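Everything on this sheet refers to the single structure shown next.
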Amino acid sequence: MLKSVSTSSRIAFTILIIALLTALASEIKIIPFHMDFRFGFGSIIFFLAILIKPVPIIRTGFATAITIVLFRTLIDLFFSDDHFWHVLLTHLPAALFYITFAVCLSFIQFERIRLRPMKLGLYGAFFEIVANCVEGIVLYTFFKEQLTLNELILIFAVAFLRSFFVVGIYSSISFSEQKKQMQQLLNIGSELYVETLYLKKSMQQIEHITAASFDLYKQLNPIDRALSLQALTISQEIHEVKKDSERIYAGLSKITTMEHNHTFLLSELLLYITAANEKYSAYLQKNITFKTTFNMNFKIHDYFTILALINNIVANAVEAIEREGIIEIRVFHTQESTIITIEDNGIGIKDHELPIIFDAGYTSKFNDQGKASTGIGLSHVQAIISHLEGSITVTNGATTRFSITIPTHRLL
């Protein structure tokens, strides 16, 4: 019940804000070619708000109409000595414009055409023309104000300009949001991809353990019946764990193989990686410059793999830099192989630790309480490179450089 009241209050508040902003914007007017006809920005704000915020359209239209009439009436009364009812009646046709516009917009199935800007713009322009015609009819009927041909042509032209201007702004906002969502989905997908590889490896180990425990059961059976039954029970329980793992693996595999329906350009993936790690470095209060270069901007089919691979090493580089530094990502692509180099000027890796940095559990990072990190990042990298039939080398000096060579056919 409380949740329902809270939602209703939020919607009412949103409608009020839209109505007030539209009323204010409607007072910003353009008078073209020294004519008596004026064009405000109110309908632009109203249409854009309807596209962005999911609110009851007709209710918003009525609230906006009332707000605009009262707002304009109060302004006129403040600056003139006209009678209240006369001023109010003068502005009532404007209310009909917003009510008509809202009623027309309510017939649009926005979910179907939000991503079709041409159709959305045409709908908006047509409905604004209809609303202007209704307002014009009322003005002529009650106030004998007749529109000239030039004014009618101008109404049509401005309706199209305003409508497509709104749709352009909305499309820009939508594209930006979609880009953020895509980046989040790619990051999640790359993490799931890595976990899928490790789950597959664990399943193979479980299979070996199951076989070994069942073999132990057979060896113990002639010697000690009780111990052999315990070995058999262990074998059966491990087998159940394996079946659960297979079900999880099947679900994750469906998610992580969906990328094969799409491709991403290398430049796009590098942009996502640098954007994510810029945020990470800002979170760690570090000033890090990211540089990316490549000799060819090619399409990557298996993009979860590359995203997970590069992102793990770059994130480690961010952590290795103390306060300020540079991280460079270079990609050299040929028909036979693709070489990815990630270089940073952080604290580096001790020479005696280089042979073990890819071992599961290895870490050189500890938190404020002295607790070690999980140490799985570089072991993930090693697993991915093995899966891609590639190789990796690490050099340590003034900078730390990871060089990865992958057969190009594994990326396409």
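For clarity, every value in this text was computed on a predicted model and none was experimentally measured.
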**Request:** Evaluate side chain to side chain contact (heavy atoms under 4.5 Å, CB included) for S26 paired with Y98, printing each intermediate quantity in order.
**Result:** CA-CA 11 Å; S26 67; Y98 284 98; 4.2 Å; yes
Min side-chain heavy-atom separation [X]-[Y] under 4.5 Å:
X: H91; Y: I68; result: no
X: T233; Y: Y217; result: no
X: F101; Y: V134; result: no
X: L120; Y: L51; result: yes
X: Q382; Y: I392; result: yes
X: F97; Y: E128; result: yes
X: N277; Y: I327; result: no
X: P407; Y: E336; result: no

Rounded to the nearest 0.5 Å, what separates atom [atom1] in [X] from atom [atom2] in [Y]?
X: D344; Y: I321; atom1: CG; atom2: CD1; result: 5.0 Å
X: I206; Y: S213; atom1: CD1; atom2: OG; result: 11.5 Å
X: I329; Y: F290; atom1: CD1; atom2: CZ; result: 7.5 Å
X: R10; Y: I15; atom1: CZ; atom2: CD1; result: 13.0 Å
X: L265; Y: E268; atom1: CG; atom2: CD; result: 4.5 Å
X: F332; Y: T334; atom1: CZ; atom2: OG1; result: 6.5 Å

Between [X] and [Y]: side-chain donor-acceptor atoms closer than 3.5 Å:
X: T338; Y: T408; answer: yes
X: N297; Y: H333; answer: no
X: R401; Y: T341; answer: no

**Message:** Counting neighbours of CZ on F126 that are heavy atoms of other residues, nucleotides or ligands and sit closer than 6.0 Å, is the number greater than 12?
**Reply:** no
**Atom CZ of F164 with >12 non-hydrogen neighbours under 6.0 angstrom** = yes
Which pair of non-hydrogen atoms, one from [X] and one from [Y], has the smallest distance, and what is that distance?
X: T100; Y: L96; result: OG1-O, 2.7 Å
X: I99; Y: G61; result: CG1-O, 4.3 Å
X: I288; Y: S281; result: CD1-CB, 3.7 Å
X: S163; Y: G121; result: OG-O, 2.6 Å
X: I58; Y: V103; result: CG1-CA, 4.4 Å
X: I406; Y: R410; result: CG2-CB, 4.3 Å

**Request:** May I ask you to check whether F127 and Y123 place their ring centers less than 6.0 Å from one another?
**Result:** yes
**Message:** Does E343 form a salt bridge (charged side-chain N to carboxylate O under 4.0 Å, His left out) with R330? I'd like the steps, not just the answer.
**Reply:** CA-CA 9 Å; E343 189 172 0; R330 295 184 289 271; 2.6 Å; yes
**Prompt:** Does the pair T22 and T67 meet the rule for a side chain to side chain contact (heavy atoms under 4.5 Å, CB included), with working shown?
**Reply:** CA-CA 9 Å; T22 304; T67 304; over 6 Å; no
**Request:** Determine, step by step, whether R72 and E27 satisfy the salt bridge (charged side-chain N to carboxylate O under 4.0 Å, His left out) criterion, reporting the C-alpha distance in whole Å, the side-chain angles of both residues, the deciding distance to 0.1 Å, and the verdict.
**Result:** CA-CA 8 Å; R72 291 180 181 179; E27 293 306 304; 3.2 Å; yes
**Request:** Test L92 against V69 for side chain to side chain contact (heavy atoms under 4.5 Å, CB included), laying out the working first.
**Result:** CA-CA 6 Å; L92 278 179; V69 171; 4.3 Å; yes
**Request:** Indicate yes or no for a side-chain donor-acceptor contact from K291 to the backbone of I326 under 3.5 Å, with no hydrogens or angles considered.
**Result:**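 No, the answer is negative, given that no donor and acceptor are paired below the 3.5 Å cut-off.
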**Request:** Return the orientation label for the Y283 and Y280 ring planes: parallel under 30°, perpendicular over 60°, tilted otherwise.
**Result:** parallel
**Request:** Evaluate side chain to side chain contact (heavy atoms under 4.5 Å, CB included) for F402 paired with V314, printing each intermediate quantity in order.
**Result:** CA-CA 10 Å; F402 287 79; V314 173; over 6 Å; no
